[in-house]
Amino acid sequence: MSVLSYQEAGCQAVAEEMRRDGRVWALGEDLGRGGVFGQYKGLLEEFGPERIADTPISEATIMGASVGAALAGTRPVVEMRFADFALCAMDEMVNQAAKARFMFGGQARVPLVIRQPSGMWRSSAAQHSQSLEAWYTHIPGLVVAAPYTPADNKGMLKSAIRCDDPVIYIEHKDNWALEGEVPDEDDYLVPLGAARLAREGKDLTLVTWSKMVGVAAQAAELAAAQGIGIEIIDLRTLWPWDQDMVFASLEKTKRLLVVHEAVQVGGFGAEIAATVAEHMAHELIAPIRRLGAPRAPISYAKPLEDLLRITPEKILSTVVSQIGT
Amino acid sequence: MSVLSYQEAGCQAVAEEMRRDGRVWALGEDLGRGGVFGQYKGLLEEFGPERIADTPISEATIMGASVGAALAGTRPVVEMRFADFALCAMDEMVNQAAKARFMFGGQARVPLVIRQPSGMWRSSAAQHSQSLEAWYTHIPGLVVAAPYTPADNKGMLKSAIRCDDPVIYIEHKDNWALEGEVPDEDDYLVPLGAARLAREGKDLTLVTWSKMVGVAAQAAELAAAQGIGIEIIDLRTLWPWDQDMVFASLEKTKRLLVVHEAVQVGGFGAEIAATVAEHMAHELIAPIRRLGAPRAPISYAKPLEDLLRITPEKILSTVVSQIGT
Amino acid sequence: MSNNSSHNIDRDRLVDLYRTMRRIRAFEETAEAASLSGQIGGAVHLSIGQEAIAAGVCANLRLSDQITTTHRGHGHCIAKGTDPGAMMLELFGKEGGTCGGKGGSMHIADFEVGMLGANGVVAAGIPIAVGAAHGAKLLGEDRVVVCFFGDGAINRGPFMEGLNWAAIFKLPVLFVCEQNGFASTTHSDAVTAGAGANARAESMGIEAFEIDGNDVAAVDGLVGDLVPRIRAGGGPLFLSARTYRLKGHTSVDPALYRDQDHAADQWRHDPLKRAGEELRRLGLSDDELSAIDSAAEGEMRRVSETADAADHPDLAHAYDDIQDIGAPVWEAGS
Amino acid sequence: MSNNSSHNIDRDRLVDLYRTMRRIRAFEETAEAASLSGQIGGAVHLSIGQEAIAAGVCANLRLSDQITTTHRGHGHCIAKGTDPGAMMLELFGKEGGTCGGKGGSMHIADFEVGMLGANGVVAAGIPIAVGAAHGAKLLGEDRVVVCFFGDGAINRGPFMEGLNWAAIFKLPVLFVCEQNGFASTTHSDAVTAGAGANARAESMGIEAFEIDGNDVAAVDGLVGDLVPRIRAGGGPLFLSARTYRLKGHTSVDPALYRDQDHAADQWRHDPLKRAGEELRRLGLSDDELSAIDSAAEGEMRRVSETADAADHPDLAHAYDDIQDIGAPVWEAGS
Ligand SMILES: Cc1ncc(C[n+]2csc(CCOP(=O)(O)OP(=O)(O)O)c2C)c(N)n1
Ligand SMILES: Cc1ncc(C[n+]2csc(CCOP(=O)(O)OP(=O)(O)O)c2C)c(N)n1
Ligand SMILES: [Mg+2]
Ligand SMILES: [Mg+2]
């Protein structure tokens with residue numbers, strides 16, 4: 001175990017997988033200088049400019065060429081820089097990467113990791129702050145991962161690189177500096193599709209992912225002070241999501257709150273809430289609640305931006321209202 | 001009233017609005033020959049090639065230029081040809097069209113109608129059959145409309161053209177030939193945001209939109225034969241959606257089924273189901289159910305394609321299971 | 001650079017090229033009939049009139065070389081070596097099709113022969129081809145990737161991005177632009193600024209060639225010069241092939257937006273007719289030519305009959321090959 | 001076409017251009033300081049070193065003409081007539097900012113002076129500018145639209161699509177490519193194939209010009225020739241302006257990836273220094289020059305102090321201007 005930042009853990013994952021498998025390479029803008037967030041720091045020096053490839057500002061072709069390179073037998077790690085810019089590569093991601101294996105009747109595989117730094121950071125406004133993970137859960141062919149801890153960022157990124165299907169890999173921009181214990185082993189893999197029980201609690205199951213796991217943990221502390229036990233499930237992978245763990249937790253707590261930073265309307269919280277409503281409504285003793293952002297573009301000005309953030313206090317007051325009913 | 005096809009009703013709407021307002025124009029590939037589905041038939045002859053503009057195959061710029069032209073004071077009707085190709089214009093739609101008004105602090109408006117022929121038609125495979133309306137409901141700044149009847153296609157398209165915000169306008173490819181009574185008046189407007197009670201029933205509220213309204217009607221006939229009354233709400237506008245009508249219906253029926261052609265996971269049905277679960281769970285006497293497509297790319301071969309379709313029989317058996325419980 | 005002079009070609013090679021073209025033509029005519037009869041459900045984009053490009057280009061490729069193509073890609077597949085039987089099964093949406101019936105005409109692929117896929121999205125195959133070449137370079141394989149696309153595709157951003165990418169990474173790609181005059185119902189010229197595809201390629205520093213794409217010997221000869229240059233590591237090259245779409249955009253399009261006289265007149269330049277005349281000049285008898293023709297037509301008739309009689313795909317495999325984790329599970333009766 | 005010779009310019013006009021440049025420089029330096037002190041929260045992309053392009057181009061525009069710009073657009077806004085006070089309020093995220101604090105540096109817009117918006121997405125402003133010109137043409141207005149973008153943007157598809165579009169519709173657009181050598185930390189040359197932006201424009205049939213973008217008189221002179229041609233209906237033109245990004249990509253980027261000697265040397269070509277020297281040659285005294293400088297610096301100091309002291313936007317307007325129907329409703333205490 002070493003204490004690493006989220007960013008360093010991701011770096012380590014890429015480096016280990018590149019050492020292990022000569023077909024793995026990374027491409028995107030500015031990678032040669034370590035990437036915008038330092039998440040490729042030092043890799044050029046070890047692996048050279050062919051495998052840590054600087055690209056032009058051509059998101060559509062960064063993605064499309066990665067599909068071709070994957071079909072040709074390599075395993076690209078594709079850097080989209082900001083999740084917002086992935087919108088420039090949507091045909092390539094959704095119509096090509098996600099569907100090629102199926103459309104071609106299984107003749108080919110598209111092993112890709114599509115890294116999308118996401119979420120509100122600081123005063124970045126409407127085109128640099130979005131959380132669009134829900135979109136990808138709606139697209140057959142895609143795996144969607146959104147790790148929170150540094151250890152998971154190592155273990156899940158490694159699993160994503162080894163996965164033979166395209167993985168949308170969401171890293172929250174506020175997480176880069178987050179530190180935590182990370183296993184040193186280069187075979188440390190965290191399986192895709194398995195959630196993590198981040199905190200035990202008896203009164204309410206809070207399902208969340210990415211940066212919101214940390215915010216939820218703060219809320220749980222506040223709740224504990226009031227004698228309320230929040231169980232936090234860090235979903236980690238959004239598709240496929242770990243229904244078993246969520247359902248098992250709900251058997252115990254009988255109350256569900258889903259929290260995400262993304263816009264609430266049409267967010268992935270709706271899928272979780274709907275699924276639980278379909279299958280477990282009769283077991284719940286409080287109305288299901290979702291907590292996401294208002295359906296508003298993200299503002300630049302700090303107080304307006306902050307208005308859109310999920311805070312421990314907002315979570316707590318929602319929890320209290322659920323327990324109260 | 002005249003009997004018009006869905007396609008003709010749309011044509012009439014565009015023609016009337018172009019006559020009424022010289023700032024309205026339409027652009028897209030092949031519009032001069034009436035568009036791929038004939039939905040611009042005869043318009044070139046009346047309005048000329050400047051206002052019925054043939055474009056290159058440049059979806060990103062069809063959309064981006066439309067944003068600019070809207071900012072400059074015109075009112076473009078943007079033809080995306082197939083909803084699938086709108087993926088080539090996603091930055092322009094989501095980062096530009098949807099956000100410009102807000103980001104610029106209300107200085108400018110972006111009056112656009114973005115027509116997206118959607119859905120499974122016949123043997124069109126994974127890149128020509130998608131229903132992605134859920135995505136747009138998740139994006140602040142966008143209105144999302146999906147009319148089913150020819151009359152609504154006239155009245156809602158006119159409302160969309162008069163709307164000062166960008167409207168994603170979803171026309172199902174299987175609807176073009178559908179005929180129905182359409183008011184002749186050139187001031188026939190159907191307001192965006194209001195659902196339509198398509199059929200009354202006492203036992204279950206079925207919320208749906210677009211082509212599925214017709215399939216649901218067939219299911220309701222089958223159910224009626226078994227003494228089950230299905231109330232069908234044709235949502236018509238997905239954002240904002242008519243919660244009042246849905247909630248009022250549920251007060252009566254106390255059972256909810258949401259049906260859509262799109263993939264169920266992350267579909268807009270999840271939003272409706274989640275919202276109802278949050279607000280009306282205690283009033284319902286049966287579990288909420290959703291019926292959407294499996295999370296699979298759309299196949300070409302007829303039986304494989306058909307497997308993904310929602311049929312009256314599938315709806316009926318779901319309804320029966322809900323009534324039974 | 002322009003190269004229009006007919007190439008010196010030996011008879012046997014021209015016979016082979018002619019046979020490939022005739023097989024493509026027969027395949028397309030059979031598919032057209034099956035589409036009009038309703039046996040084929042999906043859209044069929046015929047390459048009738050454009051066979052010389054497919055045949056002339058692919059004759060210069062190795063099995064390990066790769067291609068990507070478009071919605072109008074049957075000819076490229078056949079020329080690259082895909083079994084027309086499997087292709088026709090795919091068009092019919094039947095078991096045994098190249099993609100098990102999941103793709104149809106616009107998504108035919110045959111990785112065994114280096115056919116990396118047709119594409120239903122205009123220009124989308126361009127970055128994919130470029131990426132395949134990027135992959136080959138990274139893996140140290142000496143393959144060449146050929147990217148076929150239409151004159152309508154050069155107005156999409158990924159075309160330009162793909163050219164820039166291939167040039168800066170010096171990738172082994174041959175871009176082949178099939179200039180058939182149309183993009184669906186639109187005259188390509190009307191929506192294309194400047195001097196066209198080659199000027200755009202040259203602006204990226206990519207050497208570009210133009211050729212009469214209905215002259216199969218010329219295509220063969222020129223591509224025979226270009227492919228070794230690419231394989232030797234010289235970077236991408238670009239070829240514009242002038243041709244004409246003798247049929248409508250799809251099998252059901254009467255193409256009334258064309259000048260009908262002009263369109264009819266284009267049959268004079270039918271690449272098959274021209275190659276046939278050349279073969280006769282080189283001494284092939286009418287009987288020898290008809291033997292090739294009827295062999296091709298017989299082959300495609302059988303292929304179509306087989307496809308018609310074949311089984312639909314087994315529903316139990318409906319959800320195979322979506323993704324390893326998180327795919328739907330098929331249940332009998334669902 | 002190349003135009004590097006210094007232009008004959010009268011003194012008063014050069015004084016005006018110098019003043020514009022100095023105001024931009026002072027704005028940028030003030031913004032830089034406010035960014036480093038934490039008064040400005042978001043990313044700030046400084047146009048220090050590139051002021052001559054903004055000043056020289058916009059001096060030839062009417063109020064009714066329009067522009068679009070990029071993440072690095074402060075200079076263009078000021079040159080087009082946007083109030084620096086409102087801009088600085090916007091950068092500080094305060095009430096009274098150009099966008100009410102909702103946009104920040106990368107989304108400044110000022111429709112009253114024809115400033116149709118900066119953009120956080122590289123190249124996204126290009127189709128928007130082209131569309132604004134399309135709109136003007138449809139409405140019969142005789143405005144010209146100028147589209148500013150960087151040398152990194154020419155590798156994105158919308159750049160090429162936008163050029164093609166402007167050319168086929170013969171739209172009144174002046175494309176201005178600011179060649180500052182970098183795209184973020186990447187040397188633009190390393191990822192750009194061929195002869196560059198002008199070759200690409202010319203391949204679309206768009207006449208393209210190149211100029212020393214640090215010579216404000218030259219830019220002014222050339223653009224003074226080009227804008228009337230465009231306004232007369234001649235269709236789009238293209239201008240590449242060579243310059244240098246004297247600072248890092250953002251205000252906090254030390255830009256260590258540059259050759260430090262080379263970078264330091266570039267200050268010799270600082271457009272302000274050059275214009276100042278020219279003005280002295282034309283007889284302006286040191287005092288007159290410093291008066292301009294200190295007026296600009298004083299203006300921007302006040303602007304920054306005002307922004308610092310200003311109120312945050314009123315939360316009650318947080319959800320204004322999203323959309324007429326279906327927007328969230330703000331509730332006090334939410
Ligand atoms: C991105 C995209 N836009 C539009 C279409 C619809 N479409 C299919 S083929 C076609 C014309 C293509 O013209 P060209 O590239 O010249 O190929 P050709 O059909 O002439 O072989 C169009 C517009 C599409 N498939 N993809
Ligand atoms: C589509 C897109 N990709 C990447 C980025 C990140 N980015 C912001 S500025 C920039 C460099 C732009 O270079 P250039 O166009 O030359 O403008 P300059 O910064 O030099 O003025 C990049 C890559 C972005 N904003 N949008
Ligand atoms: Mg064509
Ligand atoms: Mg630059």
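All chains are named by letter (A, B, ...) in the order of the sequence lines, taking the proteins before the strands, and each is independently numbered beginning at 1.
Of all the listed residues (D/I108, D/V130, D/L139), the one sharing the greatest number of non-hydrogen pairs under 4.5 Å with chain B is D/L139. Chosen from D/G100, D/G157, D/C99, D/G114, the residue pairing most often with chain B at heavy-atom distances under 4.5 Å is D/C99. Of the listed residues (B/R51, B/K99, B/Q107, B/R109), the one with the most heavy-atom contacts under 4.5 Å to chain D is B/Q107. Taking B/C163, B/A72, B/A69, B/A100 one by one and counting their heavy-atom pairs under 4.5 Å with chain D, the maximum is reached by B/A69. Contact count versus chain D (heavy atoms, under 4.5 Å) is highest, among B/P166, B/S58, B/G106, for B/S58. The residue among B/G64, B/A98, B/S66, B/G73 with the most heavy atom pairs within less than 4.5 Å of chain D is B/G64. The residue among B/N95, B/I57, B/I62 with the most heavy atom pairs within less than 4.5 Å of chain D is B/I62. With chain B as the partner, the residue from D/D110, D/V145, D/I126 showing the most heavy-atom pairs under 4.5 Å is D/D110. With chain B as partner, the option from D/A118, D/A166, D/A109 having the largest number of non-hydrogen pairs under 4.5 angstrom is D/A109.
Considering B/H128, B/Q116, B/E29, B/E59 in turn, B/E29 is the only one that fulfils the side chain to side chain donor-acceptor pair (under 3.5 Å) rule with B/R81. If you run side chain to side chain donor-acceptor pair (under 3.5 Å) between B/E17 and each of B/R162, B/R75, B/R23, only B/R162 comes through.
Residues B/W135 and B/M93 have side chains not in contact (no heavy-atom distance under 4.5 Å, counting atoms from C-beta outward). By the 4.5 Å heavy-atom criterion applied to side chains, B/Q96 and B/M63 are not counted as neighbours. The shortest distance between side-chain heavy atoms of D/T70 and D/V122 does not fall below 4.5 Å.
The contact between B/E92 and chain D is made entirely by side chain atoms (from C-beta outward), counting heavy-atom distances below 4.5 Å. For B/L27, the part lying under 4.5 angstrom from a heavy atom of chain D is the side chain only. With a 4.5 angstrom heavy-atom cutoff, D/A318 touches chain B only via backbone atoms. For a residue to count as touching a neighbouring chain, one of its non-hydrogen atoms must lie under 4.5 Å from one of that chain's; by this rule B/Q243 does not touch chain D.
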Legend entry - Stepwise salt bridge (charged side-chain N to carboxylate O under 4.0 Å, His left out) check, B/D54 with B/R33: CA-CA 9 Å; B/D54 269 350; B/R33 269 73 52 218; 2.7 Å; yes
Inset, instruction - Decide yes or no on salt bridge (charged side-chain N to carboxylate O under 4.0 Å, His left out) for D/D320 and D/K102, but give the supporting numbers first. - result: CA-CA 10 Å; D/D320 289 356; D/K102 286 175 173 165; 5.2 Å; no
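Taking the ring centre of D/F149 as origin, the terminal cationic atom of D/R156 falls outside the region bounded by 6.0 Å and 45° from the ring axis.
Between the side chains of B/W25 and B/T74, at least one donor-acceptor pair of N or O atoms lies under 3.5 Å.
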